[in-house]
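This report refers to the structure that appears directly beneath it.
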Amino acid sequence: MRHLELLRELADRGTITAVAAATHRTPSAVSQQLRAAQRELGARLVEPAGRGLRLTDAGMLLADAAAGVAAAVEQAQARWDEFRGEPAGVVSVASLPSAAAFLLPAVMRDLAETAIELRCTDTDIAEAEYGGLTADHDVVVAHSLTSVRPAGTDGLTVVPLAREPLDIAMATRHPLARRDVVRPADLVDCDWIGVPRGFPFDTVLQTVARVTGAELRVTQRLRDNRLIEALVAAGDHVAVLPRFTTPTGAGLVLRELADVASARHVSAVLRPDRAERLAVRHVVEAFRRAGAAAQAGRVPPPGFEPGLDRV
């Protein structure tokens, strides 16, 4: 088991240095264990690749097997936890902030009376990078505009949580704010505040540019939604912002974008073995309930006051 887990960590993290950091050991200790594994298993498990190492076919076979073994162990642990009573323990969660804003409060209320302890981290990265966070977190909340399964999550367990519309945000004085919906052709002459390339919201801008044949004027690319809201409300820019958590009524309005797919899939991503843990399953179910409530409109966005988002 110890050798299998080492090979799986190496497959997931790519370098001995990264494995050492994640497992709180020195690189020399990891290398020593790797040499011991090769001796005991009687096969060459790694080979040089540039300045580092990569798994051989034999190493990859055992790394893949390690995932199945780990899942079986967690299944046994889950059955034992069910036999003993309620789930308990620490469950680590990493989430993009804009999804955590409408999911995490309800999840924490849901789990408040249980023996489960949540340890949460917020992180805003490109879509294809969320899968890598599962090496260090039990549950990763990610998003994608193209699929329930975000890019870079092959081989991982993916649980759909919600489908959230993405709207066009603008100041109340913006000419387009007089409309109930906007269309791609309405947006080609606007100045935009976008997100970094590779982030899901940028897909909406790319689609608008493609269907109109125009090059959009993106003057800033920022990560933080609160900053984007402030700049949009204070100026003449437009931006793509999520409907569930964008506060309206204080100089900012949201308008539906017609004729373009503009909704994101928010999903929980997990390693298959960790998905078997009873406590993790309970946390994922809490996220599913929170997502269903938000999608049904039972959780108003912060700052929302009916009637104030129209001009």
Value for CZ (F287) from CG (D110), rounded to nearest 0.5 Å, stands at 10.5 Å
Between V238 and M170 the two heavy atoms that sit nearest each other are CG1-CB, 4.1 Å
Do F201 and H143 have side-chain heavy atoms sitting under 4.5 Å apart?
yes
Residues, nucleotides or ligands: over 12 heavy atoms within 6.0 Å of E40 CD
yes
- Determine whether D236 and D191 make a side-chain contact, defined as any pair of heavy atoms from C-beta on separated by less than 4.5 Å. no
dist R210:CZ -> L216:CG (nearest 0.5 Å) comes out at 11.5 Å
**Message:** Check this for me: R25, atom CZ, are more than 12 non-hydrogen atoms of other residues, nucleotides or ligands nearer than 6.0 Å?
**Reply:** yes
Exercise: do S28 and T26 side chains pair donor with acceptor under 3.5 Å:
yes
Just do the salt bridge (Lys or Arg N to Asp or Glu O under 4.0 Å) check on D273 and R8 with the steps written out, would you? CA-CA 12 Å; D273 54 313; R8 185 185 184 190; 2.9 Å; yes
Between the CG atom in L176 and the CZ atom in R183, the distance rounded to the nearest 0.5 Å is 12.0 Å
Correct closest heavy-atom pair for A171 and G235 would be CB-O, 3.6 Å
Backbone of L61 reached by a side-chain donor or acceptor of D64 within 3.5 Å: no
Check ion pair R197-D202 (N to O, under 4.0 angstrom): no
Next item on the list: Using a 4.5 Å cut-off on heavy atoms from C-beta on, say whether the side chain of D138 contacts that of V283.
Entry: no
| said: Would you say CZ of R79 has more than 12 non-hydrogen atoms from neighbouring residues, nucleotides or ligands within 6.0 angstrom? | reply: no
Checking V140, D12, V139 against T134 for side chain to side chain contact (heavy atoms under 4.5 Å, CB included), the one that qualifies is V140
The side chain to side chain donor-acceptor pair (under 3.5 Å) partner of S144 among H265, R264, R149, E127 is E127
In this structure, CZ of R54 is separated from CD of E47 (nearest 0.5 Å) by 4.5 Å
Exactly one of R274, R119, R13, R271 clears salt bridge (Lys or Arg N to Asp or Glu O under 4.0 Å) with D136, and that residue is R13
Rounded to the nearest 0.5 Å, the CG atom of L166 sits from the CZ atom of F244 at a distance of 9.5 Å
request  = Please lay out, stage by stage, how R243 and D167 fare under the test salt bridge (Lys or Arg N to Asp or Glu O under 4.0 Å).
outcome  = CA-CA 6 Å; R243 184 178 298 178; D167 293 329; 2.8 Å; yes
| query | Side chains of T114 and H282: is there a donor and an acceptor less than 3.5 Å apart? | reply | no
Quiz item: Taking everything shown except Q32 itself, do over 12 heavy atoms lie less than 6.0 Å from its CD?
Solution: no
Determine yes or no for a side-chain-to-main-chain donor-acceptor pair under 3.5 angstrom, with T172 supplying the side chain and L252 the backbone. no
CG of L10 to CG of L53, rounded to nearest 0.5 Å, is 7.0 Å
